[in-house]
Amino acid sequence: MTAALEVVNLSKSFRGLRAVVDVEFTAAAGVVTAVIGPNGAGKTTLFNLIAGAIKPDAGSVRFGGTDITGLRPDQICRAGIGRTFQLVRPFAGLTVEENVTAGALMREPDVAAARVHANEILALLDLSDRRRRLAAELTLPDRKRLELARALATQPTLLLLDEVMAGLRPTETDRMVETLTRLNRERGLTIVLIEHVMRAVMALAGKVIVLHHGEKIAEGSPAAVATDPAVVESYLGAEVA
Amino acid sequence: MRIAGLPLLAGLDRRAVTLLALLLIGLLFVPAVAGPYLLSIMILVLYFAYVGQAWNVMMGMAGQLSLGHSLYVGLGAYVAAALFVHAGIGPWIGALAAMAVATLAGAVIGYLAFRFRVGGVYFALLTIAFAEFTRIGFDHMTWLGGSAGLFLPVAQRERNDLWSLRGDPVMFYYVILGMAVTALALCRHLARSRIGFYWRAIREDPVAAEALGIDVFRYKMLAAMASSAMTAPAGVFFAFYYNNLFPEQIFSMLRSIELILGPIIGGLGTLFGPVLGAFVLTILAEALQEALQTLGWQIPGIKQVFYGFCLLLVIVFLPNGIWPPLARRLGLDVR
């Protein structure tokens with residue numbers, strides 16, 4: 001298995017608060033890697049470092065063998081990494097179709113071609129019937145799907161998903177898991193996701209990375225990580241002896 | 001039913017094309033039926049439709065609030081007028097120079113603001129500051145008349161001279177009509193192309209836009225430059241129509257505010273909003289002034305009060321402007 005993403009000794013502090021400390025991991029091509037950890041563990045900061053939204057203090061990020069550390073978000077997207085935001089950021093005043101077309105334009109030669117591609121993605125995510133609606137009018141589950149659709153429209157080889165299941169009902173979660181599984185299996189898309197919904201993590205992930213206070217405390221298969229004493233302790237607190 | 005073939009009208013339905021054609025025909029016949037007073041108002045309407053369209057590129061499409069667009073009007077006016085007065089260069093060539101100078105100014109302000117991430121209100125303040133100190137600078141430029149003003153030679157001529165823009169109001173009417181139609185067509189083209197999508201994405205959410213591979217700095221710069229370049233010819237027109245320029249007037253903040261009211265009241269970010277807003281505001285304001293004059297009342301500043309009142313009404317009752325609800329009622333595309 002080749003590594004799609006290699007994160008080497010990545011660190012970031014905010015005014016002395018160490019948000020990400022010497023984190024190191026690789027995400028294998030074609031595999032779903034999950035990043036889990038309690039609130040404030042530094043998961044979103046880690047994503048922002050990879051996606052270029054913030055610059056690391058130390059360490060590097062390599063994608064497909066090239067160093068992408070310190071590049072701007074748009075350059076990283078061009079390199080082939082798509083991302084979604086934990087708090088969805090739809091273009092509220094634009095229609096669903098326009099939202100996705102804006103993303104598709106990066107790799108398509110013109111607006112007409114981008115629109116065609118956007119509609120393929122909308123069909124894939126069951127959003128076709130809402131394509132003329134303003135993004136502002138969508139329900140939360142649909143907004144989450146739109147967020148995913150827009151990122152997919154940039155035709156990434158690696159997708160960073162920041163809690164796409166949060167706030168979804170179990171049936172909707174299952175639907176999202178199914179969509180992501182399909183994207184991963186049928187298109188060979190490499191996925192790195194931050195997730196709190198353990199059902200989804202167990203169903204999707206080939207590998208799990210656990211962050212706690214900015215540090216990686218465990219790494220391995222979902223089953224192995226779930227029984228790791230250090231992980232259990234970080235989630236539930238130390239047992240009283 | 002979509003109309004194919006004409007790229008300019010691509011995507012418009014038959015209803016929209018018919019209404020646009022009717023409007024254009026009506027406007028073409030205005031000089032034939034209107035007296036000098038009505039004609040002067042119609043020139044003003046089209047002037048505001050043009051300059052509002054230019055401002056809307058920056059605010060309506062790309063979401064960057066400029067409150068200093070009188071800078072580009074003034075620079076355009078002074079560049080073309082100075083070339084005409086001092087070097088005998090005609091306004092059409094002058095307009096190219098004017099656009100170059102205004103674009104440069106727009107690029108400098110844009111660079112400072114976007115590179116150092118000056119956004120929102122602070123960006124607006126920056127645009128005001130540039131317009132203000134340019135005004136003060138021009139006040140002291142004796143070569144260009146300083147605060148005493150720059151005057152273009154006015155001579156009675158046998159016939160209209162379109163090349164040097166010397167002639168009667170009818171000629172000016174058709175010039176500004178041509179400019180307004182060109183601006184509308186250009187903006188429509190921009191809005192439907194890649195750049196329009198990127199501008200709207202940046203307007204809605206620059207962080208999300210960046211994550212979709214959009215070089216936000218570059219496209220904001222393009223918006224600032226396109227808008228300032230488009231604004232300059234309005235200044236050229238202004239200079240040759242009124243034949244006098246005073247820094248105090250042309251660079252004034254009041255002018256910047258005046259030109260943004262049309263698009264705001266008509267509908268920000270829509271193509272027809274600036275046109276509709278210019279019609280509604282200018283005609284209502286003139287009618288009000290006329291009515292007061294007939295009654296023999298002299299109320300200084302009533303126009304500004306009226307503008308304020310209109311703005312208030314629109315904000316309260318039609319927060320998206322007059323055009324979107326009207327377009328829906330007419331069964332047309334809002335944009």
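Below, chain A is the first sequence line, B the second, and so on; all start at residue 1. In this text the structure is predicted, and so the values were computed from the model without any measurement.
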Engaged part of [X] at the chain B interface, taking heavy atoms whose separation is under 4.5 Å:
X        : value
A:Ala92  : both
A:Arg72  : side chain
A:Phe85  : side chain
A:Glu108 : backbone

Q: Just do the salt bridge (charged side-chain N to carboxylate O under 4.0 Å, His left out) check on A:Arg62 and A:Asp67 with the steps written out, would you?
A: CA-CA 4 Å; A:Arg62 293 174 69 79; A:Asp67 190 1; 5.2 Å; no
Q. Stepwise, does the side chain to side chain donor-acceptor pair (under 3.5 Å) test hold for A:Gln86 with A:Thr44?
A. CA-CA 8 Å; A:Gln86 183 179 7; A:Thr44 295; 3.2 Å; yes
**Q.** Residues which pass ring-ring contact (aromatic ring centres under 6.0 Å, His included) with B:Tyr198, listed by chain and number, not counting sequence neighbours
**A.**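 If we apply the ring-ring contact (aromatic ring centres under 6.0 Å, His included) test to B:Tyr198, skipping adjacent residues, the hits are B:Tyr219.
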Q) Do you know which of A:Thr154, A:Asp110, A:Leu105 has the most heavy-atom pairs under 4.5 Å to chain B? A)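 The candidate making the most pairs under 4.5 Å is A:Leu105.
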Q.
Among B:Ser193, B:Ala209, B:Ala201, which residue has the highest count of heavy-atom pairs closer than 4.5 Å to chain A?
A.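 Ranked by contacts with chain A, first place is B:Ala201.
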Q) Closest approach of A:Pro109 and B:Arg194, non-hydrogen atoms and distance? A)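 Of all heavy-atom pairs spanning A:Pro109 and B:Arg194, the closest is O-NH2, 3.1 Å.
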(Q) Please give me the minimum heavy-atom distance between A:Thr190 and A:Ala28, naming the atom from each residue. (A)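 Result for this residue pair: CG2-O, 3.4 Å.
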Q. With distance as the sole test, does A:Asn119 use its side chain to make a donor-acceptor pair with the main-chain N or O of A:Arg115 at under 3.5 Å?
A.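 A pair under 3.5 Å: yes.
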Q) Is the side chain of A:Lys144 donor-acceptor paired with the backbone N or O of A:Leu168 at a distance under 3.5 Å, no angle test? A)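 Absent.
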Q) Which members of residues 110-122 of chain B, sorted by number, sit under 4.5 angstrom from chain A on a heavy-atom basis? A)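 From residues 110-122 of chain B, none sit under 4.5 Å of chain A.
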Q) Rounded to the nearest 0.5 Å, how far does CG of A:Leu180 lie from CG of A:Leu204? A)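 If we round to the nearest 0.5 Å, A:Leu204:CG and A:Leu180:CG are 5.5 Å apart.
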Q: Let me know which of B:Ser228, B:Ser227, B:Ser256 forms a side-chain hydrogen bond (donor to acceptor under 3.5 Å, both in side chains) with B:His69.
A: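 When B:Ser228, B:Ser227, B:Ser256 are each tested with B:His69, the side-chain hydrogen bond (donor to acceptor under 3.5 Å, both in side chains) holds only for B:Ser227.
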Q: Measure B:Val207 against the heavy atoms of chain A and call it side chain, backbone, both or neither at under 4.5 Å.
A: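 Both parts, backbone and side chain.
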